[in-house]
Amino acid sequence: ETGVTQSPTHLIKTRGQQVTLRCSSQSGHNTVSWYQQALGQGPQFIFQYYREEENGRGNFPPRFSGLQFPNYSSELNVNALELDDSALYLCASSNTGELFFGEGSRLTVL
Amino acid sequence: AQSVTQLDSQVPVFEEAPVELRCNYSSSVSVYLFWYVQYPNQGLQLLLKYLSGSTLVKGINGFEAEFNKSQTSFHLRKPSVHISDTAEYFCAVNPQGGSEKLVFGKGTKLTVNP
């Protein structure tokens, strides 16, 4: 059984660019959640997808968007990147209430 | 809305000493409570969770936590720490019946010194 995998692990972008982060959920998990973890902070909930539909959203602007595919993998897209978007982006999958986290994608915006 | 306060940002201890990492929460509804550990350059791993029942919860790696409803606390404890316990620890809450949308504290950095 493979766990949650995220790609890329690290990337560097400049202000105004767009980024796509990817997450493969753990086998059998139909729910994927995305969190942003800024340096020295706890993770903050961005949004959650359940069976390809958005199922809740945190306090993030519309330039943060996502998708979930039929195989339950997911993408996080961020448009018009800002310096404050620099963070570790964590994906978590679940099926019965417990979240299983990937190792994250570290985004640096210059 | 829920919020979580981790009272100590850093906790240094010596190896084999006991440790307590403090967590208080606020919520207008009943909540589920969690502790996660994050090792450097890794994701989060669940240590333990309180959903209902016994207020003393045992987790992995010898950690335990006690839910205190009157004090709205969920402190994490270990009687004897190891060097390998050095990591960041996060307390989190989720409203009961919610769909796994966790609210995290800012974390406590535990450093175990030889």
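Any value given below was found using the heavy atoms of this structure, including those in side chains, with hydrogens, waters and symmetry copies removed. In this text the structure is predicted, and so the values were computed from the model without any measurement.
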Test of understanding: clusters of I, L, V, M, F, W, Y form through side-chain heavy atoms closer than 4.5 Å, transitively. Do Tyr72(A) and Phe47(A) belong to the same one?
no
So for Phe100(A), is it side chain, backbone, both, or neither that comes closer than 4.5 Å to the heavy atoms of chain B?
neither
Can a donor-acceptor pair be found, under 3.5 Å and without considering hydrogens, that links the side chain of Lys109(B) to the backbone of Gly40(A)?
no
Give a yes or no on whether Asn71(A) atom CG has more than 12 heavy-atom contacts from other residues, nucleotides or ligands under 6.0 Å away.
yes
Tell me, do Phe34(B) and Leu99(A) make a side-chain contact under 4.5 Å, heavy atoms counted?
no
Is it the case that one hydrophobic cluster holds both Val57(B) and Val31(B), taking links as side-chain heavy atoms less than 4.5 Å apart, direct or via other members?
yes
Is it the case that atom CG in Asn77(A) sees more than 12 heavy atoms from other parts of the structure closer than 6.0 Å?
yes
Hydrophobic cluster membership, with links at side-chain heavy-atom distances under 4.5 Å among I/L/V/M/F/W/Y: are Trp34(A) and Leu11(A) in one?
yes
When rounded to the nearest 0.5 angstrom, what is the spacing between CD in Gln44(A) and CG in Leu102(B)?
13.0 Å
Heavy-atom count check: over 12 atoms from other residues, nucleotides or ligands less than 6.0 Å from Glu20(B) CD?
yes
Are there more than 12 heavy atoms of other residues, nucleotides or ligands under 6.0 Å from atom CZ of Arg63(A)?
yes
To the nearest 0.5 Å, tell me how far Leu51(B) CG sits from Glu98(A) CD.
9.5 Å
Gln38(B) portion near chain A, given a 4.5 angstrom heavy-atom threshold
side chain
Which answer fits Leu46(B), side chain, backbone, both or neither, if we ask what part of it has an atom under 4.5 Å from a heavy atom of chain A?
side chain
Other residues, nucleotides and ligands only: do more than 12 of their heavy atoms fall within 6.0 Å of CG on Leu110(A)?
yes
So which heavy atom on Gly43(B) is nearest to which on Leu90(A), and how close?
CA-CD2, 4.2 Å
Honestly, the part of Gln37(A) sitting under 4.5 Å from a heavy atom of chain B is side chain
Rounded to the nearest 0.5 Å, how far apart are CZ of Phe101(A) and OH of Tyr36(B)?
5.0 Å
What's the spacing between Lys101(B) NZ and Arg57(A) CZ if we round to 0.5 Å?
12.0 Å
Over all atoms of both residues, closest heavy-atom pair of Phe90(B) and Gln41(A)
CE2-O, 3.8 Å
